[in-house]
Structures are given as C-alpha cells and as structure tokens.
Amino acid sequence: LADAQELMEAEPLRTVVIVGDGMYFGVYTEADRDSGRVPAGVDTTSLAVGPYASGLRFVGSPDTTLEAARELMARHDLAVLPVVAGRIYQGVVTVDD
C-alpha cells in the first residue's frame with residue numbers, strides 16, 4: 001500500500017492502476033487513500049493495496065471509441081478510464097487523450 005500511495009502522489013492524475021500478471025484488478029486514487037478504510041497509525045508498508053483499491057466498475061475495451069470514452073468519463077467524473085480486454089489490462093485513456 002505504501003508503494004501505491006507513493007506512486008499515486010507522483011502521478012499528475014493521482015491514479016495508480018492495479019495489475020497483477022497482466023490482469024486488471026482496479027485503481028488506487030486519492031479518494032481511496034482518504035476513504036478511512038486504512039486503519040489510522042498502521043504501517044502501510046505491511047499492507048497489500050488490493051483491499052484498499054477501488055474496483056472501478058467503469059472500464060473501456062480496446063474497441064471503445066474516444067468519443068464514447070470521453071462521454072463515459074464526463075458522466076462519471078473519471079480522470080482515467082482503464083482499457084481492459086476480458087480481464088487483461090491494455091492501458092488507460094486520460095482526459096487529455
């Protein structure tokens with residue numbers, strides 16, 4: 001969790017995509033960090049990020065058009081839209097794209 005928090009702080013979009021063996025698991029964002037789910041005072045270097053990340057139910061597929069991605073992101077106020085084929089992580093589309 002500490003690694004994910006460090007990465008998130010370094011990213012302009014404050015989002016880290018959680019991937020294991022190429023499989024998409026979710027994202028970790030400032031909202032996850034500030035959710036209160038992480039116990040106060042705990043050493044985050046000993047915690048896995050998975051239980052504290054969002055499943056982010058909105059994802060795009062490789063054939064999603066940029067227009068459709070933009071509409072989905074605007075409707076749900078998303079800074080990034082993970083692109084997933086099945087459960088295989090392909091990348092992200094950002095608001096700048």
Side-chain angles (χ1 to χ4, degrees):
L1 182 58
D3 293 339
Q5 289 173 334
E6 187 175 315
L7 287 169
M8 182 203 59
E9 292 296 328
E11 288 295 320
L13 295 173
R14 300 286 205 226
T15 302
V16 175
V17 179
I18 309 302
V19 178
D21 294 328
M23 303 292 277
Y24 170 77
F25 290 107
V27 296
Y28 186 80
T29 66
E30 289 179 309
D32 298 310
R33 180 197 61 201
D34 300 339
S35 69
R37 293 184 310 213
V38 178
V42 71
D43 178 10
T44 58
T45 61
S46 64
L47 297 176
V49 69
Y52 306 102
S54 299
L56 192 62
R57 62 186 191 259
F58 304 108
V59 298
S61 69
D63 60 347
T64 300
T65 65
L66 282 178
E67 181 63 29
R70 183 177 328 137
E71 289 174 12
L72 182 64
M73 293 169 73
R75 189 173 336 123
H76 299 286
D77 195 30
L78 304 172
V80 300
L81 183 69
V83 178
V84 179
R87 293 253 345 198
I88 307 298
Y89 175 70
Q90 304 290 306
V92 296
V93 175
T94 69
V95 292
D96 290 338
D97 294 329

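In what follows, every heavy atom counts, from backbone to side chain, and hydrogens, waters and symmetry copies are set aside.
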Hydrophobic clusters here meaning ILVMFWY residues chained together by side-chain heavy-atom distances under 4.5 Å, can you tell me if Met23 and Val59 are in one?
no
Can you find a pair of side-chain heavy atoms, one from Val84 and one from Gln90, that are under 4.5 Å apart?
no
Give me each pair satisfying ring pair (Phe, Tyr, Trp, His ring centres under 6.0 Å) with a member in residues 70-97, each pair once, sequence neighbours excluded.
Phe58-His76
Could I get the full list of salt bridge (charged side-chain N to carboxylate O under 4.0 Å, His left out) partners for Glu6, not counting sequence neighbours?
none
Establish whether Phe25 and Ile88 are linked, either directly or via other cluster members, by ILVMFWY side-chain heavy-atom contacts under 4.5 Å.
yes
For Asp3, the side chain to side chain contact (heavy atoms under 4.5 Å, CB included) test, sequence neighbours excluded, returns none
Name every donor-acceptor pair, under 3.5 Å, that has one atom in a side chain of residues 7-19 and the other anywhere in the protein, sequence neighbours excluded.
residue	atom	partner	partner atom	Å
Glu9	OE2	Arg33	NH1	2.3
Arg14	NE	Glu30	OE2	3.2
Arg14	NH1	Glu9	O	2.3
Thr15	OG1	Leu13	O	3.0

Heavy-atom closest contact (Pro82 atom, Val27 atom, distance):
CG-CG1, 4.1 Å
Restricting to pairs with a member in residues 75-91, which pass salt bridge (charged side-chain N to carboxylate O under 4.0 Å, His left out), not counting sequence neighbours?
none
Mind listing the side-chain donor-acceptor pairs of residues 43-51 below 3.5 Å, one per line with the distance, residues two or more places apart or on another chain?
residue	atom	partner	partner atom	Å
Asp43	OD1	Thr45	N	3.1
Asp43	OD1	Thr45	OG1	2.6
Asp43	OD2	Thr45	OG1	2.9
Ser46	OG	Asp43	O	2.8

What's the shortest heavy-atom distance between Thr94 and Asp97, and which atoms?
N-OD2, 2.8 Å
Does Asp21 CG have over 12 foreign heavy atoms under 6.0 Å away?
no
Side chain to side chain contact (heavy atoms under 4.5 Å, CB included) filter on Ala31, not counting sequence neighbours, yields Thr29
Would you be so kind as to tabulate the donor-acceptor pairs closer than 3.5 Å made by side chains of residues 64-73, with sequence neighbours excluded?
residue	atom	partner	partner atom	Å
Thr64	OG1	Ser61	N	2.9
Thr64	OG1	Ser61	O	3.2
Thr64	OG1	Ser61	OG	3.2
Thr65	OG1	Ala68	N	3.0
Glu67	OE1	Arg70	NH1	2.8

Any side-chain donor-acceptor pair under 3.5 Å between Tyr28 and Gln5?
yes
